[in-house]
*Asks:* 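Let me begin by handing over the structure; questions about it come next.
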There are 2 protein chains.
Amino acid sequence: MAETQSDTLKLDGAGPVYDQIRRAIRDLVVGGAWPPGTPVPPEHALMEQLGTSRMTVHRALVQLAREGLITRRRRSGTVVASPPASHAMFDILSIPEEIERLGQDYAYEILAREVGKVSPEVAERFGLKRSDRIVHLLVLHRGDGRPHVLEERIIHLAAVAAAAGEFFAEVPPGDWLLQNSLWSQAEHAISAVGASVQEAGLLEIAETEPCLLVERRTWNQDRPVTAVRLLYPGPRHRFVGRFGPYGPA
Amino acid sequence: MAETQSDTLKLDGAGPVYDQIRRAIRDLVVGGAWPPGTPVPPEHALMEQLGTSRMTVHRALVQLAREGLITRRRRSGTVVASPPASHAMFDILSIPEEIERLGQDYAYEILAREVGKVSPEVAERFGLKRSDRIVHLLVLHRGDGRPHVLEERIIHLAAVAAAAGEFFAEVPPGDWLLQNSLWSQAEHAISAVGASVQEAGLLEIAETEPCLLVERRTWNQDRPVTAVRLLYPGPRHRFVGRFGPYGPA
DNA sequence: TCTTGTCATTTGCATATGCAATTAGATAGC
DNA sequence: GCTATCTAATTGCATATGCAAATGACAAGA
C-alpha cells in the first residue's frame, strides 16, 4: 500500500496559486500520503509555509471541503475526510448496509475461495491475464434468509497482498476491501442477463428469470485492485436515482 | 410554461451574503425566469444593486459557474448556460445521440399515439389518475435498422399543452420535450425484466430474453411532466459509469 | 467531582484595493 | 472593403485587514 509519492506540499507553478494549493493537497490525500484523519495544517501555517496570503490558502481549502476531501471545523482545525462509502446512485456500497436499509436481516456465506492463478473461465469473464495472481471468491448474500445477490469477485494480490490470508469469516469481501485497500477509480456497467443454471440454483429462481448484473472494476493509480460481478435476481430489484437538470438533487 | 415567480434579484438574509446571492440567481435560472442565454449583469452592476463588494458577488458567480448554471467570459460577460443534455451516467439523454455515438444510423417510428384520457392499463403502469389528460406514445428506435429500444411514454398535458397537437414526425418525443418543456426533477429506476409477447415481437427478440428496463419520471416544481419506460433488449446493452472515491471522475 | 466561565485558536466572511488577462468593439490605416 | 491596432469593459486573481463565530482547553469555583 506504500506509494511512491512525496508527502510534502509542493506547488507546481501551473495556473492560479489557489488551484496549485488545492491540487497539491488533493494529491497527498488521494495518493494515500495523508490518510483519513490526518490533520491538515491550519491556514496560518500553510500561508507561511507557502508564502501566500491566508485568503488564498482559504480559497483552496474551502474548495477541497466542498469536494468532500477534507472536513473543517472552527477551532478544531482541518482533517482529511473519510471517503463517503456510498455516493449517489451506483457507487461503492456495502451490501450489508444495502440489505439492512431494507429492514432485513443480513447474512452471507462464502461458497468458494481460491487463491493463486486464474482459471481460463475466470480470465475470460473478468478480462485477466493467466499470470495474474488473485483471490477468487463466490459469495451469497441473504436478506431475511432469502438470496439477495450473488457476488463473484476477484482481488488482485499485487494490489492487496493481505487478501491472500484472509478468509472473510467476519466481514464480507466488499466491506473488507473498503478497509484494507485504496482505490482511485472505478467503473461499473449494468446490464440484464439470464442466470446460468448454477446461478439460478443458488439464487433460488427459475432459469428463465431475468437478472440485473452489475459489474464493477476498481483501480488504484492504473493498477487493478478488484473486480466484481453482482447478480441480482429477477425484477424485484431496482436501482433508483434522482437528479435535477444541473446535477444530482 | 409561465411560472409564478419573481424575476428580480432578492436576498433573503439567511446565511452568508455570497450564498444568498448564489441562491437568488440560481432560483431565477432554475425557475425559468432567466432562460439559457440570458445575460447576467456584470459584477459591478450586481455589486451596486445589492450593496455588497465586488469580491462577494464574484464568489457567488464563481460558484455558480462551477456548478454549470452560468458561463463566464472576460469582456463578454456572464450568461445563463444551457443545461447539459447528458450528465454522468443516467441523465436525460437523447436517444438519437446515444445511437449515433455508437456509429449507427438512427431512425425511429411512432407505433401508436393517443391523446386524451388514460386507459386503465396505462394508469396502472405509470401510476396515474384516470382523470389526468395525457398523450400516450409508443415509439421504436432503431440503430442501423435493428431495434435498439422501445419507448413507451406519457406526457402530461397540464404541464406541456403543446404536446396535444404534436405528431413527432421530425423529432422523437424525448428530444422534443427537451426543447419544449421545463423540468426541475427527475427520478429513474433500472431493473431487469422479461419482455411481454408484444414487446418481444417489436424488439425482434425471443420471449425469454432478459431486458433492461429504465423508467424515468420527470417533474417541474412537483407537477409531473412526463414518464417513460425504455425497454432495451437483451444483454447487448450496458450502462457504464466511471467515478472516483470522491465523486464522478 | 462537576459545572461554569474565560481565553485562545482556528475557521468563516466581507471589504477594499490593485493589477493581469481576455476580448468585443471602435478606430485608424491601407 | 479589409486589416491591424487600440481602447475599454469585464472577469480572474492575489493581497491585506478586520471582525465574527465556534469551540477545545483550562482554570476557577461550588
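From a predicted model like this one, the values you see are computed outputs, not experimental measurements.
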*Asks:* So, do Ile155(A) and Leu137(A) sit near enough that their side-chain heavy atoms are less than 4.5 Å apart?
*Replies:*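 Result yes, sub-4.5 Å side-chain heavy-atom pair found.
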
*Asks:* Would you find a donor on one side and an acceptor on the other, under 3.5 Å apart, between the side chain of Gln20(B) and the backbone of Gly15(B)?
*Replies:*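 Confirmed, Gln20(B) side chain pairs with Gly15(B) backbone.
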
*Asks:* Could you tell me from which nucleotide to which nucleotide of DNA chain C, 5' to 3', there is an atom under 4.0 Å from chain A heavy atoms?
*Replies:*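 So the contact region on DNA chain C extends dA8(C) to dA14(C).
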
*Asks:* Tell me if a side-chain donor or acceptor on Ser181(A) pairs with a main-chain N or O of Leu177(A) at a distance below 3.5 Å.
*Replies:* yes

*Asks:* Calculate the interatomic distance between Gln63(B) atom CD and dG12(D) atom C1'; express it in whole Å.
*Replies:* 16 Å

*Asks:* Applying side chain to side chain donor-acceptor pair (under 3.5 Å), can you list everything that pairs with Gln49(A), at least two apart in sequence or on another chain?
*Replies:* none

*Asks:* Examine dT23(D): is either OP1 or OP2 under 4.0 Å from a nitrogen or oxygen in the side chain of Ser76(A)? Give yes or no.
*Replies:*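 No, outside the criterion.
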
*Asks:* Need the bend value for the helix from dT1(C)-dA30(D) to dC30(C)-dG1(D): angle between end axes, 5 pairs each end, nearest 10°.
*Replies:* 0°

*Asks:* Are there over 12 heavy-atom neighbours, none belonging to Asp222(A), within less than 6.0 Å of that residue's CG?
*Replies:* no

*Asks:* Return the NZ to CD1 distance between Lys10(A) and Ile21(A), rounded to the nearest 0.5 Å.
*Replies:*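 Rounded to the nearest 0.5 Å, the NZ-CD1 separation comes out at 14.0 Å.
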
*Asks:* Tell me, please, whether Phe167(A) has Arg113(A) positioned over its six-membered ring: NZ or CZ under 6.0 Å from the ring centre and within 45 degrees of its axis?
*Replies:*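 Yes; both conditions hold, so Arg113(A) lies above the ring face of Phe167(A).
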
*Asks:* If only atom types and distance count, is the side chain of Asp144(B) paired as donor or acceptor with the main-chain N or O of Gln104(B) below 3.5 Å?
*Replies:*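 Side chain of Asp144(B) to backbone of Gln104(B), a donor-acceptor pair under 3.5 Å: no, none is there.
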
*Asks:* In whole angstrom, what separates Arg72(A)'s CZ from dT23(D)'s P?
*Replies:* 14 Å

*Asks:* Between residues 37-54 of chain A and DNA chain D, which residues have a heavy-atom gap below 4.0 Å?
*Replies:* Thr52(A), Ser53(A), Arg54(A)

*Asks:* Does a side chain donor of either Gln63(B) or Arg66(A) reach within less than 3.5 Å of an acceptor in the other side chain?
*Replies:* yes

*Asks:* Please list each protein N or O that sits under 3.5 Å from an N or O in nucleotides 5-9 of chain D, with the distance.
*Replies:*
from	atom 1	to	atom 2	distance (Å)
dA9(D)	O4'	Arg75(B)	NH1	3.0

*Asks:* Starting at the 5' end of DNA chain D, which residue's closest nucleotide do you reach first, Arg73(A) or Met55(A)?
*Replies:*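 Mapping each residue to its closest nucleotide by heavy atoms, the 5'-most match is Met55(A).
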
*Asks:* For Phe168(A), which residues count as a ring pair (Phe, Tyr, Trp, His ring centres under 6.0 Å) partner, sequence neighbours excluded?
*Replies:* Trp176(A)

*Asks:* Side chains of His141(A) and Glu151(A) only: does a donor on one sit below 3.5 Å from an acceptor on the other?
*Replies:* yes

*Asks:* Show your working on salt bridge (charged side-chain N to carboxylate O under 4.0 Å, His left out) between Arg23(B) and Asp27(B) and close with a plain yes or no.
*Replies:* CA-CA 6 Å; Arg23(B) 290 198 316 272; Asp27(B) 289 348; 5.9 Å; no

*Asks:* Please determine whether salt bridge (charged side-chain N to carboxylate O under 4.0 Å, His left out) holds for the pair Arg238(B) and Glu215(A), giving the CA-CA distance in whole Å, both sets of side-chain angles, and the decisive distance to 0.1 Å.
*Replies:* CA-CA 10 Å; Arg238(B) 295 155 59 93; Glu215(A) 296 168 282; 2.7 Å; yes

